Amino acid sequence: MSEPQTSLREVAWRELFPGLLLLRCFRLATDPRKLLLAAAGIVLTSIGWQSLERMAGRETPITAPPSPTRGLSTLPENASGSDLLEAAWQANPILGPWEQLSAPYRRLFELEVTPYDAAVLVAGIVWATLVWGWLGGAITRMAAVQLAREERCTLGRALRFSRGRILWYVAAPLLPLAGVALAVIFGGLLPGLLARAGEAGVLLLGLVWWALLLMVGLSLTILLLGLLFGWPLLWASISVEGTDAFDAISRSYSYTLQRPLHYLVYAAVAAVLGAFGSLIVAAFATLVIHLTAWTVAWGSGSGLIDELLRAAPSRLGFPSSPAGTGLADSALLGRAGLNLIGLANDVVRIVSMGFAYSFFWTAFTAIYLLLRQATDANELDEVYLEDSPDEGQLPKLRTDEAGVPTLDDVE
């Protein structure tokens, strides 16, 4: 008696190990479209923040996006362990963007901040939110469609999606700050004025301090901790669900506070994967510049091309050594050529730096999908898709010469 034949079925690794979704983030983050959007976001954020600092007329605590002078490759030989740790933190595609973009929020709550500095910080926050609401929203939208449906989302559709919802992308992180402002106005100004009223005022402040701890301090702590750790999920929520800022805030706080261990593990895995990815991308960019110089050196000679590369100025803060070269004092045409070489090299480097932000937004989109599955039991492939103008429309009926109804031809 022959045994019944059985067929092997493909193992659904994604269902067995949903965390494998994070392994796709490196490939998706190296998409040239995402790299260009991330590079544009870095440049625009830096320009806006530096302009605010110059208009402020003094050193205001706004931190620009990752600087190329703070990378691992630029550390001095006698760098300490703390310097190495800080440089590694800044270079990580998860930790670096999170620290840089959240820096104005965190410095806004320092005790020594003045109203003037607070106004500059708020302006910097609004500017960065506008920039990344549009560009970061487009990156998370492309990542959401690719991660969930494994379909291609064009750059134009992603930008139109984020532009159409720019109000929600901007409002999502700013609405909690509006709650903080209300707490300051109604819960902080009057008790603060009591402290200025001498010993009697200090006594009254001491009597109501316990109430302030419960009503103001506790509520603001929960509000700001949820915002501090969950703000990257706000963009992902809007891009995945296609909803408004209120739903995004609700989901972000829910997933962050209900699944903190899941969140921490996913973020740690993404940080490790991103660190390896950033090394690959940085090495690739360096190789592009090196091989270009190596090719030209066959005609110019290695000495001249080395001088050209060292004398080419960097407008983005990348290391250069024009001092000591005979080309530093070149005439007009020579300086123009050096500027063009420096600009071209800067473009390659800034695009490679864009990988950090491209990976950041892509990875947090994947983390959002994983947290949503763990919390709400939603499938990973559930994502909001916009209907095209002709999608879902039935063909029109027409009547032929014999009076028989027929369907119009579908174009």
Side-chain angles (χ1 to χ4, degrees), residues 61-63 89 94-115 117-126 128-129 132 168-196 201-202 204-238 244-268 271 360 364 367-368 371-372 374-376:
I62 295 181
T63 302
W89 180 289
I94 293 295
L95 304 177
W98 178 86
E99 193 275 337
Q100 294 293 332
L101 292 181
S102 64
Y105 289 87
R106 291 181 282 110
R107 291 179 176 177
L108 186 62
F109 294 95
E110 294 177 356
L111 289 178
E112 62 270 16
V113 68
T114 65
D117 288 339
V120 177
L121 286 168
V122 170
I125 289 171
V126 172
T129 307
W132 292 107
W168 302 131
Y169 282 114
V170 173
L174 295 184
L175 283 176
L177 288 185
V180 173
L182 292 176
V184 170
I185 294 173
F186 295 103
L189 285 180
L190 181 58
L193 293 175
L194 288 176
R196 296 174 176 269
V202 174
L204 292 175
L205 180 61
L207 293 175
V208 300
W209 188 260
W210 63 272
L212 293 176
L213 290 175
L214 295 177
M215 298 175 60
V216 178
L218 180 61
S219 59
L220 286 184
T221 299
I222 297 174
L223 178 67
L224 293 176
L225 281 179
L227 179 63
L228 177 64
F229 294 104
W231 67 264
L233 301 177
L234 296 172
W235 276 265
S237 177
I238 297 173
D244 55 29
F246 299 100
D247 181 73
I249 293 173
S250 175
R251 290 175 180 271
S252 174
Y253 275 78
S254 173
Y255 300 162
T256 301
L257 299 178
Q258 291 186 31
R259 301 286 180 176
L261 185 58
H262 286 69
Y263 193 179
L264 178 62
V265 171
Y266 291 145
F360 177 82
F364 273 103
I367 291 173
Y368 173 83
L371 290 176
R372 186 186 64 170
T375 306
D376 298 334

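Owing to the predicted nature of the structure, the values given are computational and were not obtained by experimental measurement.
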Parallel, tilted or perpendicular: ring planes of Tyr255 versus Tyr368, cut at 30 and 60 degrees = tilted
How many angstroms lie between [atom1] in [X] and [atom2] in [Y], if you round to the nearest 0.5 Å?
X	Y	atom1	atom2	value
Leu227	Ile222	CG	CD1	13.5 Å
Asp376	Arg259	CG	CZ	9.0 Å
Leu234	Ser250	CG	OG	11.0 Å
Leu218	Leu223	CG	CG	11.0 Å
Thr256	Trp231	OG1	CH2	12.0 Å
Thr129	Leu174	OG1	CG	4.5 Å

Where the side chain of [X] meets the backbone of [Y], is there a donor-acceptor pair that is under 3.5 Å apart?
X	Y	value
Tyr263	Leu257	no
Ser219	Val216	yes
Arg251	Ser237	no
Asp117	Val120	no

Check the pair Trp98, Leu228 against side chain to side chain contact (heavy atoms under 4.5 Å, CB included), reporting the backbone distance first and the verdict last.
-> CA-CA 9 Å; Trp98 178 86; Leu228 177 64; 3.7 Å; yes
Could you tell me if the ring centre of Phe360 sits under 6.0 Å from that of Phe364?
-> yes
What do the steps show when you test Glu99 against Leu95 for side chain to side chain contact (heavy atoms under 4.5 Å, CB included), and what is the final call?
-> CA-CA 6 Å; Glu99 193 275 337; Leu95 304 177; 6.0 Å; no
For atom CZ of Phe246, decide whether the heavy atoms of other residues, nucleotides or ligands shown that lie under 6.0 angstrom number more than 12.
->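 12 or below, so no.
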Kindly give the heavy-atom pair with the smallest separation between Ile94 and Ala267, and that separation in Å.
-> CG2-O, 4.4 Å
Closest approach of Pro176 and Ile249, non-hydrogen atoms and distance?
->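 Closest approach of Pro176 to Ile249, heavy atoms only: CD-CD1, 4.1 Å.
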Tyr105 and Leu177, any side-chain heavy atoms less than 4.5 Å apart |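 With C-beta onward as the side chain, the pair touches.
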With a 4.5 Å limit on heavy-atom distance, are the side chains of Val180 and Phe109 in contact?
->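 The answer is yes, as the side chains (C-beta and beyond) meet within the 4.5 Å cut-off.
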Apply side chain to side chain contact (heavy atoms under 4.5 Å, CB included) to the pair Leu371 and His262, showing each step before the final yes or no.
-> CA-CA 7 Å; Leu371 290 176; His262 286 69; 3.8 Å; yes
